[in-house]
Amino acid sequence: MIDAGHRDLDGRVITLRPVDDDNWRAVADVAPRDDQRDWVPALAARYLLLTMRGDVWQSLAVYADETVVGHVMWGVDDDGSHWIGGMIIDATEQGRGIGRATVATLAGWLAARDGKPPVRLSYHPENVAAAALYTSLGFHPTGAVEDDELIAELTASPHRS
């Protein structure tokens with residue numbers, strides 16, 4: 001379990017846990033809002049399949065106290081940089097600071113691994129909410145683009161929520 005002590009706006013502790021036999025169904029059912037489907041799949045199940053079928057990404061369940069509320073994945077690139085990807089917070093749980101706590105928790109954990117290599121993520125240029133969230137946590141665009149998404153890198157310690 002990855003626990004940086006971040007809480008959502010309801011006071012629930014946000015932790016990241018491995019996807020396992022007990023929680024995979026709840027993680028697979030995580031669904032974004034309809035207006036977010038241009039940037040993420042309709043269900044987190046797609047990300048789970050990606051992590052099962054490849055060896056780059058690792059899935060994590062996002063918990064608020066003891067309830068699965070989202071999915072996020074991480075990976076290590078060939079250059080040693082750590083990546084955050086595949087974040088979906090369930091539509092019913094959005095607006096409570098869970099995405100912020102998730103990114104801050106995972107970015108801090110990744111930054112502490114292997115001598116603190118860069119932590120990167122990517123987002124669609126039209127996803128203004130994601131851009132604002134990531135910028136507020138210290139990520140800044142690198143100028144690089146991959147698969148039509150802007151790449152951003154953590155240039156400061158993630159803020160506590």
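- Counting non-hydrogen atoms of other residues, nucleotides and ligands closer than 6.0 Å to CG of Asp147 gives a total of 12 or fewer.
- Looking only at distances, no side-chain donor or acceptor of Asp21 sits under 3.5 Å from a matching main-chain atom of Trp24.
- Taking OH of Tyr123 as the start and CE of Met87 as the end, the distance is 13.0 Å to the nearest 0.5 Å.
- Of all non-hydrogen atoms in Ile88 and Ala31, the two that sit nearest each other are CG2-C, 4.1 Å.
- Residues Arg12 and Glu93 are paired through a salt bridge, judged by an N-O separation under 4.0 Å between the basic side chain and the carboxylate.
- A distance-only check finds a donor-acceptor pair linking the side chain of Thr142 to the backbone of Ile151 [under 3.5 Å].
- With hydrogens and angles ignored, the 3.5 Å screen pairs no side-chain donor or acceptor of Asp77 with any backbone N or O of Gly80.
- Neither Tyr63 nor Val13 shares a network with the other; the hydrophobic side chains, linked directly or stepwise wherever heavy atoms of I, L, V, M, F, W or Y lie under 4.5 Å apart, form separate groups for each.
- Under the 4.5 Å side-chain contact rule for hydrophobic residues, Val56 and Met73 share a cluster.
- The OG atom of Ser59 lies 9.5 Å from the CG atom of Leu49; values are rounded to the nearest 0.5 Å.
- Counting heavy atoms of neighbouring residues, nucleotides and ligands inside a 6.0 Å radius, atom CG of Asp35 exceeds 12 of them.
- By the criterion of side-chain heavy atoms lying less than 4.5 angstrom apart, applied directly or through intervening Ile, Leu, Val, Met, Phe, Trp or Tyr residues, Ile84 is grouped together with Val145 in one hydrophobic cluster.
- Side chain of Asp79 to main chain of Ser81: a donor-acceptor pair is present (N/O by atom type, distance under 3.5 Å, no hydrogens or angles).
- For His71 (side chain) and Gly86 (main-chain N/O), a donor-acceptor pair under 3.5 Å exists by modelled atom type.
- A distance of 11.0 Å separates CZ in Arg120 from NE2 in His82, rounded to the nearest 0.5 Å.
- Put simply, the side chain of Asn127 never gets that close to the backbone of Gln36: no donor and acceptor are under 3.5 Å apart.
- Between the side chain of Thr51 and the backbone N or O of Leu48 there is at least one donor-acceptor pair closer than 3.5 Å.
- Distance check: Asp10 CG to Ile98 CD1 gives 7.5 Å after rounding to the nearest 0.5 Å.
- In terms of modelled atom types and a separation under 3.5 Å, the side chain of Asp29 and the main chain of Ala26 share no donor-acceptor contact.
- To the nearest 0.5 Å, atoms CG (Leu133) and OG1 (Thr102) are separated by 9.5 Å.
- Going from atom CG of Asp22 over to atom CZ of Arg17 covers 11.0 Å, rounded to the nearest 0.5 Å.
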